[in-house]
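Notes to accompany the following structure.
Just so we're clear, the structure is a prediction, and the values are computed from it rather than from any experiment. Each chain gets a letter, A, B and so on, in the order its sequence line appears, and its residues count up from 1.
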Number of protein chains: 2
Amino acid sequence: MTDDQDTTGQDTTGQDTSGGAAAPPSSSTPQDGGELLRLDRQLCFALYSASNRITRLYRPLLDKLGLTYPQYLAMLVLWERSPRTVGELGDALDLDSGTLTPLLKRMEANGLVARRRDPADERRVIVELTDAGAALREPALSVPVTLACHFALPLDEVGPLRDRIKALLPPEKP
Amino acid sequence: MTDDQDTTGQDTTGQDTSGGAAAPPSSSTPQDGGELLRLDRQLCFALYSASNRITRLYRPLLDKLGLTYPQYLAMLVLWERSPRTVGELGDALDLDSGTLTPLLKRMEANGLVARRRDPADERRVIVELTDAGAALREPALSVPVTLACHFALPLDEVGPLRDRIKALLPPEKP
DNA sequence: CTCAATTATATTGCGCACAATTAAATTTGG
DNA sequence: CCAAATTTAATTGTGCGCAATATAATTGAG
């Protein structure tokens, strides 16, 4: 192994942008707009990969609380205000019922939330924290702190970066 | 440490959890630290949600190519250099064999790649683009352009934002 | 050469994400 | 008042992501 002809980091991690035709030896394609398809230039892949990595970083912390990362996000919403409909949860998390229904059922099976139909409108399902679910907030307080230690970014840049990412994609309201 | 990353005033929505009055904080939790758990302050949720949304934006474009977004990412890697082992693909995409093996089998079933054992080292599996897979590069060139139209960000800020995100989490190499 | 350790991929099981569909309750129009 | 349209969840089916485990090939020590 290590045969590895080339590949190594000849790809200028920085941003040369503007191409400039640095004589790329693409043996196959005649003349592409290949810069556009380079993985290391993709903002979307950076987001996708960062999201995957974050889930992996949360896992050991959340295992101790008996939560997955999406479940933890649902708990964040419920800790802010507890009786919520599935729809409100979906709006807050930008997830649909196909994701939330089984997730909430698992959380119910674990004793963190209770689910019941809204008597005033039987189409809706109300999700409410149990005492155990509310009590989990206390040990969860250390999670963001611990996770922030993995960020290779000064704390005062976290807020601006978050706001840039939030502004990147306008909210869909179909 | 890290009391909170601040960013402008603390009440954005003004939604109050209880009675709607001026929030007597003494009622529920003793001393909160609750700012840390607010969903709208979470950098990680911003990344998670942006990643989900991006996958949804890619879907209609990639459906026309017969690809999912993770499959498209694998194709980006293979379009850069085609015979690759599964391990090299996993390194490039930061995904493990449990994800890649079935993904590559589906791509093989769709005629985009061929998979074969490396004769020099039978433990490895070599993945190579088929002619159809290589030909798909051409129509894929328009995908990044079309997708970039959804970004609510000036083009000259895309590169810096991407690099910030890439720098956020140091690469794991265990 | 032999057997243990290492390496590379595959398999299994669980939990998301989401499109498409279904089902039930509510609202609305005639 | 009733039937059609709308709203809200749940269900179904596909495709990731990843931990844990299994399997097979290569390497390495004696």
Phosphate contact (D:dA9 OP1 or OP2) by A:T85 side-chain N/O below 4.0 Å:
yes
I'd like to check B:R41 versus A:R162 (side-chain heavy atoms, cut-off strictly below 4.5 Å). Are they in contact?
yes
Between the base of D:dT7 and the side chain of A:R123, is there a donor-acceptor distance below 3.5 Å?
yes
Which atom pair, heavy atoms only, marks the closest approach of A:T130 to A:A114?
CG2-N, 4.0 Å
Those residues that, when tested against B:R106, pass side chain to side chain donor-acceptor pair (under 3.5 Å) (two or more places apart):
none
Consider the side chain of B:P70, meaning its heavy atoms from C-beta on, and name the nucleotide among C:dC18, D:dT26, D:dG17 that approaches it most closely.
D:dG17
Within residues 61-69 of chain B, which residues have any heavy atom lying less than 4.0 Å from an atom of DNA chain C?
none
Once you round it to whole Å, what is the distance between C1' of C:dG15 and CZ of A:R59?
9 Å
A:R56 CZ to C:dG15 C1': how many Å, rounded?
16 Å
Would you mind reading off the distance between B:E88 atom CD and C:dT9 atom C1', rounded to a whole angstrom?
14 Å
Atom-pair distance (CG on B:D96; P on D:dA20), nearest Å:
12 Å
Just to confirm, is there a sub-4.0 Å distance from OP1 or OP2 of C:dA25 to any side-chain nitrogen or oxygen of A:R124?
no
Whole angstrom is fine here: how far is it from CG in B:L93 over to C1' in D:dC16?
13 Å
Spacing between A:N52 atom CG and D:dG17 atom P, to the nearest angstrom
6 Å
Might you point out which heavy atoms bring A:L129 and A:L78 nearest each other, and give the distance in Å?
CD1-O, 3.6 Å
B:L57 CG - C:dC18 P separation (whole Å)
11 Å
Please list, by residue number, the residues of residues 98-117 of chain B whose heavy atoms come closer than 4.0 Å to an atom of DNA chain C; answer none if no residue qualifies.
B:G98, B:T101, B:K105, B:R115, B:R117
State plainly whether the residues A:E128 and A:R84 are in salt-bridge range, i.e. N to O under 4.0 Å.
no
In terms of the angle between their ring planes, are A:Y58 and A:Y72 parallel, tilted or perpendicular, with boundaries placed at 30° and 60°?
tilted
Look at A:E122 together with A:R117 and state whether they make a salt bridge at an N to O cut-off of under 4.0 Å.
no
Specify the separation, in whole Å, of atom CG of A:D91 and atom P of D:dT8.
9 Å
What one should report as the nearest heavy-atom pair of A:L76 and B:L37 is CD2-O, 3.4 Å
Look at B:Y48 and C:dC16 and indicate whether a side-chain polar atom (N or O) is within less than 4.0 Å of OP1 or OP2.
no
Taking the nucleotide of DNA chain C with the nearest heavy atom to each, does B:I126 or A:Q71 sit closer to the 5' end?
B:I126
Closest to the side chain of A:S97, out of C:dA25, D:dT11, C:dA19, is D:dT11
